[in-house]
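These notes concern the structure reproduced below.
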There are 2 protein chains.
Amino acid sequence: MTQAGAAGATPTLEMVAARAGVSRATVSRVVNGSPKVTPEIVEAVQAAIAELNYVPNRAARSLASRRTHAIALVVPESTARVFNDPFFATLVQGVALALSDTEYTLSMLMESERSVDKTRRYLLGGNVDGALVVSHHTGDHSYAHVSRSLPVVFGGRPLDPAEQVTHTVDVDNVHGAELATRHLIDRGCRRIATIAGPQDMPPGVDRLAGWRRALQEEGLADDLVEFGDFSPTTGAAAMRRLLDRGEPIDGLFAANDQMAIGAYSAIREAGLSIPDDIAVVGFDDDNYGATAVPPLTTVHQPSLEMGSTMARTLVQLIEGEDVEPATMLDTELVLRASA
Amino acid sequence: MTQAGAAGATPTLEMVAARAGVSRATVSRVVNGSPKVTPEIVEAVQAAIAELNYVPNRAARSLASRRTHAIALVVPESTARVFNDPFFATLVQGVALALSDTEYTLSMLMESERSVDKTRRYLLGGNVDGALVVSHHTGDHSYAHVSRSLPVVFGGRPLDPAEQVTHTVDVDNVHGAELATRHLIDRGCRRIATIAGPQDMPPGVDRLAGWRRALQEEGLADDLVEFGDFSPTTGAAAMRRLLDRGEPIDGLFAANDQMAIGAYSAIREAGLSIPDDIAVVGFDDDNYGATAVPPLTTVHQPSLEMGSTMARTLVQLIEGEDVEPATMLDTELVLRASA
DNA sequence: TTGTAAGCGTTATCAT
DNA sequence: ATGATAACGCTTACAA
């Protein structure tokens, strides 16, 4: 190792230039992979970089280029409260996974009660090149206006279809619910109930619509509906109300796995068995359903794919490429023992 | 709104200075809360800031101050693969939560096969003021050397106690396992088995040690040990081996909930009931155990607290405050129906 | 193809 | 208490 290589302080581009005997501009070109640099020089510069263990300073680079190479992931308060939301955890992993192939860095912004404006300022303050906004079950698009000054990709569609949001990645909830319901029909169920989610959340609305559509196409009754808020307890309560109607029920589609698990207990309380008396299908494919007894047949929610698709879309947007304004992700049925 | 207020471009500190009729230095002082600025001027500057909707540029600030106000959260590859690891998801939330009270920003770095060096360079390249390194079940401290050039806080202790890592936040696994085992003893169990985790991971070692200690203190046999790798399937296999020994077993401590759930099925297969024939206690308090039938009695793993403690510790370290080199987090028993 | 030099928006060191 | 004026480390016209 030579003299300069032993330097303790963080090496700068200037030091690399001196060592390689070229100008800073040339070093910069090499670092940024400019095509018009003589191979010999490229080699010399790279050698100097390696010897000095040079790493570009991100702040300086951002300041000069006006690009941060960072993107923000905004987690709404409601999600932040649900510490065990597997959907979100998986989505984050998908984002991180997609980003690990790029130069971009992920900044997680968790919204707390008083930070909504802080977040907005952060996004608008040139701290990131773009933002990802997730809103799981809710249709909250309070960041819609931010997308006018910054590339933004939303996860999930807005509640009001009229509110056009530039870029979204969503799961085909209607189709997924149809898949689930059709499976119940195919296995012979004729009195199929549903425990629907809140109707002020797009997935709640869409999954109910899918259930209804499958039933109507077969000419079956679609009046066995009760609502829950996606939690296990409301699922159990809804199931009890369904059972209390006194009408026969041989199949159930719950708008998510947690409510399906809640329904399990209500069904058992009534002395009925799953799937013999009532076949059950959920939605989300989370661990609640996978580890339940019997294991829950459900619709897979492509959380990981959603995260990586959102990230990829945002990066393309930032780099100025053309991207579809809305991507719809497919769901698939996961067959287990409950139906 | 006045003329200047309508400016479309991102306002700079210089524009604020011009509008307030002061120098840039003064604006900078106000922004940074310097105590020696005349109240009147502070007010004038703040008014200008509000009118222009000024937000400081992070890159410029970092470049000049040599501080980034960002910290990295490094997720090792093994964790990145386990997409449904609730421990990690909750920990991240804890980190984000603690950070939301500060000026710091979180950058998530997911390690993929080929990125270990990329990550190291990132950390050393002045991109962050400090780093958080998590290694859940593993004792991997390959980033130990990084802590010589950057404040680093590790989650979990190193496998080899000799390898002194500067700052760590850990869960008291030994004590938690003792708590679990003692509970089984208290409810009358005398032939208590354990499904231990891998012995090349600190939690695997510590939880086995805790089980053993509780047993020895009561003079009970500690030979009913089988090992698993923390997954449900290996838990089931281990339980089968335990049962195949032909010796009586009336209690089981599984080193984590997932293996406990695996053991559930093996116990049922053998025609035994939980908790009447065999009482079961797990460790982690994740959703696998909470939604199982019967609900699993387990030891709560303070993931959220671990995340926020790590974050707080790192921030203190960065700000030059004195902090304890090692923090040990308490666990507590969560009583449910399985024991 | 390579070098020169002017910023990028702050902070920080001096004077005043 | 306030204001000039250098940095901070890099990118990027523009020149050569």
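Letters A, B, ... are given to chains in the order of the sequence lines, protein chains preceding strands, and every chain is numbered from 1.
OP1 or OP2 of C:dG9 lies within a sub-4.0 Å distance of a side-chain N or O belonging to A:R66. A close approach under 4.0 Å does occur between a side-chain nitrogen or oxygen of B:N32 and OP1 or OP2 of C:dT11. Not one side-chain nitrogen or oxygen of A:S65 sits closer than 4.0 Å to the OP1 or OP2 atom of D:dC10. For the OP1/OP2 pair of C:dT11 and a distance below 4.0 Å, the side-chain nitrogens and oxygens of B:S28 include at least one atom meeting the criterion. OP1 or OP2 of C:dT2 sits under 4.0 Å from a side-chain N or O of A:T38. OP1 or OP2 of D:dG3 has at least one side-chain nitrogen or oxygen of B:T26 nearer than 4.0 Å.
C:dT2 atom P lies 4 Å from atom CD1 of A:I41, rounded to whole Å. Put simply, CZ on B:R67 is 12 Å from P on C:dT11, counting in whole angstrom units. One can place CG of B:N57 at 18 Å from P of D:dC8, the figure rounded to the nearest angstrom. In this entry the distance linking CG of A:N127 with P of C:dT10 reads 11 Å, nearest Å. Rounding to whole angstrom units, CZ of residue A:R24 and C1' of C:dT1 are separated by 19 Å. Distance B:H69 NE2 to C:dG9 C1': 15 Å, rounded to the nearest Å. In this entry the distance linking NZ of A:K36 with P of D:dA13 reads 12 Å, nearest Å. When the P atom of D:dT11 is taken as reference, atom CD of A:E14 falls 13 Å away, rounded to whole Å.
Between B:V22 and B:I41, the closest side-chain pair of non-hydrogen atoms falls below 4.5 Å. Within the 4.5 Å cutoff, the side chain of B:L109 has heavy atoms near those of the B:L123 side chain.
The backbone N or O of A:Y143 lies less than 3.5 Å from no partner atom in the side chain of A:S147, so there is not a single donor-acceptor pair. Within the 3.5 Å criterion, the main-chain N or O of A:E40 finds no donor-acceptor partner in the side chain of A:T38. The closest donor-acceptor contact from the side chain of B:S65 to the backbone of B:R61 lies under 3.5 Å. A donor-acceptor pair is defined here as one N or O able to donate and one able to accept, closer than 3.5 Å; no such pair exists between the side chain of B:D129 and the backbone of B:R67.
Nearest-nucleotide assignment on DNA chain D puts the 5′-proximal partner with B:G21, out of B:A64 and B:G21. The residue among B:A25 and A:R61 whose nearest nucleotide of DNA chain D lies closer to the 5′ end is B:A25.
Axis orientation changes by 30° from one end of the helix from C:dT1-D:dA16 to C:dT16-D:dA1 to the other, with each end axis drawn from 5 pairs and the value rounded to 10°.
Test A:V27, A:N32, A:T26 against A:R29 for side chain to side chain contact (heavy atoms under 4.5 Å, CB included) and you get one pass: A:T26.
When every heavy atom of A:S62 is checked against every heavy atom of A:T68, the shortest pair comes out as OG-CA, 3.5 Å.
Considering only the side chain of A:L63, C:dC8 comes nearest among C:dT10, D:dC8, C:dC8.
For A:R29 and C:dG3, a side-chain-to-base donor-acceptor distance below 3.5 Å is present, hydrogens and geometry of angles not being considered.
Note on A:V22: only backbone sugar-phosphate atoms sit closer than 4.0 angstrom, heavy atoms only; bases stay farther off.
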